[in-house]
Protein chains: 2
Amino acid sequence: MTENSRTRLVESTRELLWDRGYSATSPRAILDAAGVGQGSMYHHFHGKEDLARAAMQRNAEEMRIQVDADLAGPGTAVDKITGYLHRERDVLRGCRFGKLAQDAEVEASAALHTLVSEMFSWLQMRLTEVIEQGQIDGELSAEVNATSVAAMIAATLQGGYVLARAAQDTAAFDLAIEGALELLRAIATPR
Amino acid sequence: MTENSRTRLVESTRELLWDRGYSATSPRAILDAAGVGQGSMYHHFHGKEDLARAAMQRNAEEMRIQVDADLAGPGTAVDKITGYLHRERDVLRGCRFGKLAQDAEVEASAALHTLVSEMFSWLQMRLTEVIEQGQIDGELSAEVNATSVAAMIAATLQGGYVLARAAQDTAAFDLAIEGALELLRAIATPR
DNA sequence: GTCTATAAAGTGATAGAC
DNA sequence: GTCTATCACTTTATAGAC
């Protein structure tokens with residue numbers, strides 16, 4: 001049972017980080033959610049920042065597995081990106097990393113910010129690879145810059161979360177994704 | 001001089017809201033930045049929320065004027081949207097409204113959330129109008145859904161801010177914008 | 001109209017009992 | 001390894017002097 005409190009702390013932190021971000025998440029709220037005392041947290045972790053780091057590392061592991069599952073599957077580049085963008089998401093809750101990227105206290109913490117930064121640069125690299133392969137295969141126009149299209153896709157996803165949250169309606173997210181895919185198909189050669 | 005303290009409070013709040021969001025901005029920080037005492041704030045406003053509302057209303061006025069200036073100018077639909085997307089921005093500071101859309105305390109306040117929500121629905125409406133006019137003029141393909149392309153453009157902008165902030169580098173923002181414009185031009189008929 | 005003093009509650013962290 | 005008690009500090013807000 002030695003690892004049970006630790007795990008519960010990390011899982012509670014992951015949920016609270018997702019809903020309220022880092023700055024607005026108090027150790028007290030984490031302890032209440034995990035159902036453990038304060039001493040337990042300071043035994044397993046150095047403090048709030050250290051606990052958040054552990055939670056974000058778990059998020060990164062899961063995210064990489066999910067993205068790889070979407071992008072490494074069979075089909076064309078458009079199929080892969082469509083699969084990635086259409087994956088079921090908790091849209092109104094937002095992106096676990098996107099929310100933290102905007103958090104001033106995360107930005108002020110090198111340890112925390114690095115995790116966010118690396119996640120997004122890895123994602124854009126993976127998307128770029130898929131688009132470049134599509135160009136090599138003659139599926140996508142070689143005229144476009146693969147890096148910028150990859151950035152546009154990652155941005156549409158992140159911005160879709162923002163628009164949906166502003167409208168309190170997932171429709172805005174779905175529309176943005178649809179728009180990106182419509183335009184992506186416009187640079188695909190009919191086969 | 002009766003309005004001087006009030007104005008200074010609103011302006012300081014606008015800056016702090018932009019940098020730290022709503023939850024993380026304390027009345028104390030606002031007072032320090034404005035250089036006025038606490039009684040002054042509670043004389044002019046009911047409290048933190050009321051002051052934030054006044055600051056966000058000012059932001060909304062400015063935003064509408066700027067967007068109208070970009071989109072109501074001369075040129076084609078692609079020209080207008082290119083002008084809007086290429087407007088000089090303080091990218092690493094992010095979007096005044098996008099940041100607040102993600103703030104849990106803003107979402108919990110009907111008065112504050114409404115301002116964010118109305119801003120984004122108005123923006124998407126204006127972008128949709130421009131794209132629809134481009135389709136009527138035969139400049140843009142009638143095949144695409146104007147509403148979804150408008151959502152994609154708004155999302156690319158918001159997401160571009162997120163990516164740039166994550167990378168601490170405006171290049172990610174510029175790439176995303178470039179990608180969106182490349183694809184937009186792909187549905188424009190050469191003239 | 002603006003100030004300072006103060007309050008009650010919450011913050012992140014430490015101490016020490018068990 | 002986990003608990004509760006406590007700390008110094010900050011939060012949003014009110015009271016009352018000037």
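Letters A, B, ... are given to chains in the order of the sequence lines, protein chains preceding strands, and every chain is numbered from 1. Fair warning: this is a prediction, and the values are worked out from it, not measured in the lab.
- In this structure, B/His43 does not reach the C/dT2 phosphate: none of its side-chain N or O atoms is under 4.0 Å from OP1 or OP2.
- If you measure from atom CG of A/Leu31 to atom C1' of C/dA13, you get 12 Å, rounded to the nearest angstrom.
- The CG-C1' distance, from B/Leu9 to C/dC3, rounds to 13 Å in whole Å.
- If you chain together ILVMFWY residues whose side-chain heavy atoms come under 4.5 Å of each other, A/Val10 ends up grouped with A/Leu9, A/Leu16, A/Ile30, A/Leu31, A/Val36, A/Met41, A/Tyr42, A/Phe45, A/Leu51.
- For the salt bridge (Lys or Arg N to Asp or Glu O under 4.0 Å) condition, the pairs that include at least one residue of residues 165-177 of chain A, sequence neighbours left out, are A/Arg165-B/Glu107.
- Annotation: cation-pi geometry satisfied between A/Arg89 and A/Tyr84 (NZ/CZ under 6.0 angstrom from ring centroid, within 45° of ring axis).
- Atom-to-atom, CG of A/Leu51 to P of C/dA13 comes out at 10 Å; the value is rounded to the nearest Å.
- Rounded to whole Å, the distance from CD1 on A/Ile30 to P on C/dA13 is 10 Å.
- The interatomic distance linking B/Asp32 (CG) with C/dC3 (C1') rounds to 14 Å, in whole Å.
- Ion pairing between a basic and an acidic side chain is recognised when a charged N comes within 4.0 Å of a carboxylate O; B/Glu62 and B/Arg58 show such pairing.
- The cationic group of B/Lys99 does not satisfy the cation-pi geometry with B/Tyr161, failing either the under 6.0 Å distance to the six-membered ring centre or the 45° limit from the ring axis.
- Exactly one residue among B/Thr156, B/Leu157, B/Leu92 makes a side chain to side chain contact (heavy atoms under 4.5 Å, CB included) with B/Phe173. That residue is B/Leu157.
- One finds a side-chain N or O of B/His44 lying less than 4.0 angstrom from the OP1 or OP2 phosphate oxygen of C/dT2.
- Going from atom CZ of A/Phe45 over to atom P of D/dG1 covers 13 Å, rounded to whole Å.
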**OP:** For each nucleotide in nucleotides 11-16 of chain D, reading 5' to 3', give B when a protein heavy atom comes within less than 4.0 Å of its base, S when such contact involves only the sugar-phosphate, and - otherwise.
**Re:** SSBB--
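- Out of D/dC3, C/dT2, D/dG1, the shortest distance to the side chain of A/Ser40 is found at D/dC3.
- Here the P atom of nucleotide C/dT14 and the CG atom of A/Asp50 are 12 Å apart, to the nearest Å.
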